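Below: one structure, written as structure tokens.
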Amino acid sequence: MTKKFIPIDYDYFDYDGKNHVKIFGRDETNEQICIIDTCPIFMWAILKENVTKKQIIELIKEVKEVYVQTKDRTTTIEKVETHEKNYSGKKVVALKIFATNYKDLSSVASKLDNELIDKRRGYDLGFTTHYIIEKKLNPLVWYDIETTELEEDDYDFIKNELKTEKVLKLNSHRPSTVDSIPSTDFTSRSLAYDIETDSLKPELGAILMISLYGKDFKKVITWKKGPTTQDYVEFVEDEKALLKTFLKHVEEYKPDFLVGYNSDAFDMPYIKTRAKMLKIKFPIGLDKSEPKIRKGIPPTTKITGITHLDLYKFVKTAYAQYMQSETLSLNDVASEFLGEKKIPFVFKHSKDIKENEWDLYYRYNLKDSDLAFQLFEKFLPDMIEFSKVVKEPIFEASRNGLSKQIEGYILHNLEKFNEIPERKPNQKETGARMQQGQTQGAFVFKPTAGLYEDLGMFDFTSMHTSIIISHNISKGTLIEPSTVNSQPSTDYNDSPEIKIDGKNIKYHFTKEPGFFPLLLQEIFDKRKQFKKEYNENPNPMTKARSNAFKVLSASAHGYIAFSGARYYSKEAAESILAFVRQYNQETIQKIKDAGQKIIYGDTDSVVFTLEGKSESTIKELLKKINSELPGVMNLELEGFFKRGLWVNTRGGETGAKKKYAMITENGIVKIRGFETVRRDWCELARKTQDHILRLILKQGNEKESLKYVKEIIKQLKERKISKDKLIIRTQLKKPITEYKAISPHVTAAIKMQKQGMAVGIGSLIEYYIGNTGGSSKLVRDKALLKNEDGEYDITYYLKKQMLPSVDQIFQVFGIDIKEVIDGQKQENLKKWF
DNA sequence: GCGGGCTTGTTACC
DNA sequence: ACCGGTAACAAGCCCGC
């Protein structure tokens, strides 16, 4: 039978002791089908140099005898072949060892301790990844497939087990040409879900309701009956019936994706535990399996056949670092990307909910699913894109950290280079890598505080990645021994001179392009493509996509320096960073030589004054610098700015790095590093600072700002500032008990814990400083919870929030803000200075 | 018990 | 633990006086 097929979810099972995949996806009629397939299972034994043919024949005999016995299977060697391969860019002879079960390859590997074998590789990819690499049935791509129906005795248990109507055996497949399908666009069926409970712990509270939201599908299922006019509310008898009804709707809808927000850690584990407590089955998987929760920090929840997606995870890795929102709560994220918020509803235990309040609770519950669904629709193209680029199933691609994404991408593309994959480092190696200490990083130009006019800013496009590509830097292209001399060589690509342990050395890399640098090119190009897309059509989504590939592209260097990476290389990381410093300083020099004054620079950027030159003259300069850059390296114009402000460090006499504010001719303001952008400062200090920065940038002087600050200070002293503007938000970065220094946010967290609130790693602790500490001088003794009664501590907010946030800004204009206010309000000030 | 230097911890920039 | 180095800064900690 010939069909079209798009693979979505991958799972595997053992049959007759052998691995099989079952792939869930859709066909051209949009029917959900399951494909069963197998693939050759093998690993590699790389032989030492100069092993003779005779020795190989003997070795093969020996290898064939290896087997692994586990409690439910015996894994044997099926055949052994000899191949010429590349390993880390070097030619090697390797045995391709075929075995019956992938899960035992690592045990097989440890039994191959013959002295002719140098290295054992390719046993630690995971079966799904191995399968995709081997058969090239990539996720989310349309294929033309040849299938056969299962015969009577084939996989009998599967047929009975699967909810999917069609289960087919795959014979062959090839990528479908775009033309052959009217619409190759994959229109997924998806449901977002959200639960409401009486507790954060399933042991302590029931699930009250579950909402589901999809295209033309709205449902709130609940056993808590209150008057409502919402026709989507479905009442059921009890919690058991609630779970069963939820299951029924999911089964009927047949979604490809079941989507939640933080559902990996909360919703699905909660449901699973409650089902267990209620002694009912919850066979949501298409193979009637329960959700599989991989415990860990953070946990992941997989449902066989239905891709369970947790948007929180994806937002966190792909977008978070470029987002405006200060938390990644559904409310903040929805508000940033959708311009919509959750329905306000104060959490109450169900026993405290009045009859007429249930209706709001239903609507609240539905809205959460609604928001999650809308976010899903916005993010799906990006998740699909990641999945396709990295060639990992969307379940993984949407959860993987950046190093995993880069690594997945590399592993899935090694075959083009005839490369044997590197293995994962073990714990000992990871530890040793970490102990080597830090690598010297980028260069940051020390600015001189001041308000500058007419500025230009250049920055390098994906600097680290373009260095890797242009200079062919990687573990595999490094010439060993690596601690080579500083003599320049025409045979190799040299790194800049690097000082290591007091010695100046240069690393050499081959001129022949290595697979790692070559592979980065695609990610690099994608980044360019999406940036262009954003520039042509700027909106929050094109921006997010552009940034998602920006982070992916920018992670290549971090990956190389990451102790857990297969292709880790300290030498490569050092070389990349040496180039980063060199290029930045060279660029600074070139701009200086052109007659511009350098104001600032950080890693890959330079800010300079125009010195009366026209923008087109500056663009010519940029062109000239670019003409001198190698490979894909590219310096671009970040922008022209009408004014820019740099300040001194607090209590210091020199300019502060990583803190500046600039404004374009059109009034677009760019603020970096200032308290304005730091969430651990109270809103009052941040908003005030933001306001005066803008005023100064717009007007070119401090006059208005001064008036403004005086007014705010007056209000603060008169207690006219509302407390919510004084809340300080700080995140717990580790378990409460592990803190050596007990800072205010830790005290506040302890308080919250005592009140029975769930606090732990990642919780954002909200507190304010009040007049409660008695004689204590410690700030922590005055930390009050957000909703705790008390008066705010005027002195603290003046001295520790307001003043610091504006002090250095006024210093630029020679104004001592303390004195100014002091002169005006002599008597009050004595109290706080 | 006070002050200064050091350490711990968080958040930002790139 | 899950990309890394550079930097600013607050608050606590610690030690000498």
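Each chain gets a letter, A, B and so on, in the order the sequences are listed, and its residues count up from 1. Since the structure is predicted, the reported quantities are computational estimates derived from the model, not experimental observations.
- Here Gln440(A) lies in heavy-atom contact (under 4.0 Å) with sugar-phosphate atoms only.
- Taking a cutoff of 4.0 Å between a charged side-chain nitrogen and a carboxylate oxygen, Asp264(A) and Lys313(A) qualify as a salt bridge.
- Among the atoms of the strands shown, none is found under 4.0 Å from any heavy atom of Ser605(A).
- The line from OG of Ser805(A) to CD of Glu675(A) is 6.0 Å long, rounded to the nearest 0.5 Å.
- Looking at the side chain of Tyr739(A), the nearest of the listed nucleotides dT10(B), dG12(C), dC2(C) is dT10(B).
- In this structure, Arg399(A) is positioned above the aromatic face of Phe395(A), its NZ or CZ under 6.0 Å from the six-membered ring centre and within 45° of the axis.
- Among the heavy atoms of the strands lying under 4.0 Å from Arg678(A) is at least one base atom, whether or not backbone atoms are also near.
- The existence of a salt bridge linking Lys475(A) and Glu571(A) is excluded, since no basic side-chain nitrogen approaches an acidic carboxylate oxygen closer than 4.0 Å.
- Residue Lys658(A) is in base contact, counting any heavy-atom pair closer than 4.0 Å across all strands shown.
- Across all strands shown, Phe443(A) has no heavy atoms under 4.0 Å from either base or sugar-phosphate atoms.
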Given Watson-Crick and G-U pairs under 3.5 Å, DNA chain B in dot-bracket ([ ] crossing, | other strand) is ||||||||||||||

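- Across all strands, Ile560(A) comes closer than 4.0 Å to no nucleic acid atom at all (heavy-atom distances).
- Comparing atom distances between the Lys659(A) side chain and each of dC14(B), dA8(C), dG9(B) picks out dA8(C) as nearest.
- Residue-level contact check: Phe460(A) touches neither bases nor backbone, having no heavy atom under 4.0 Å from any strand.
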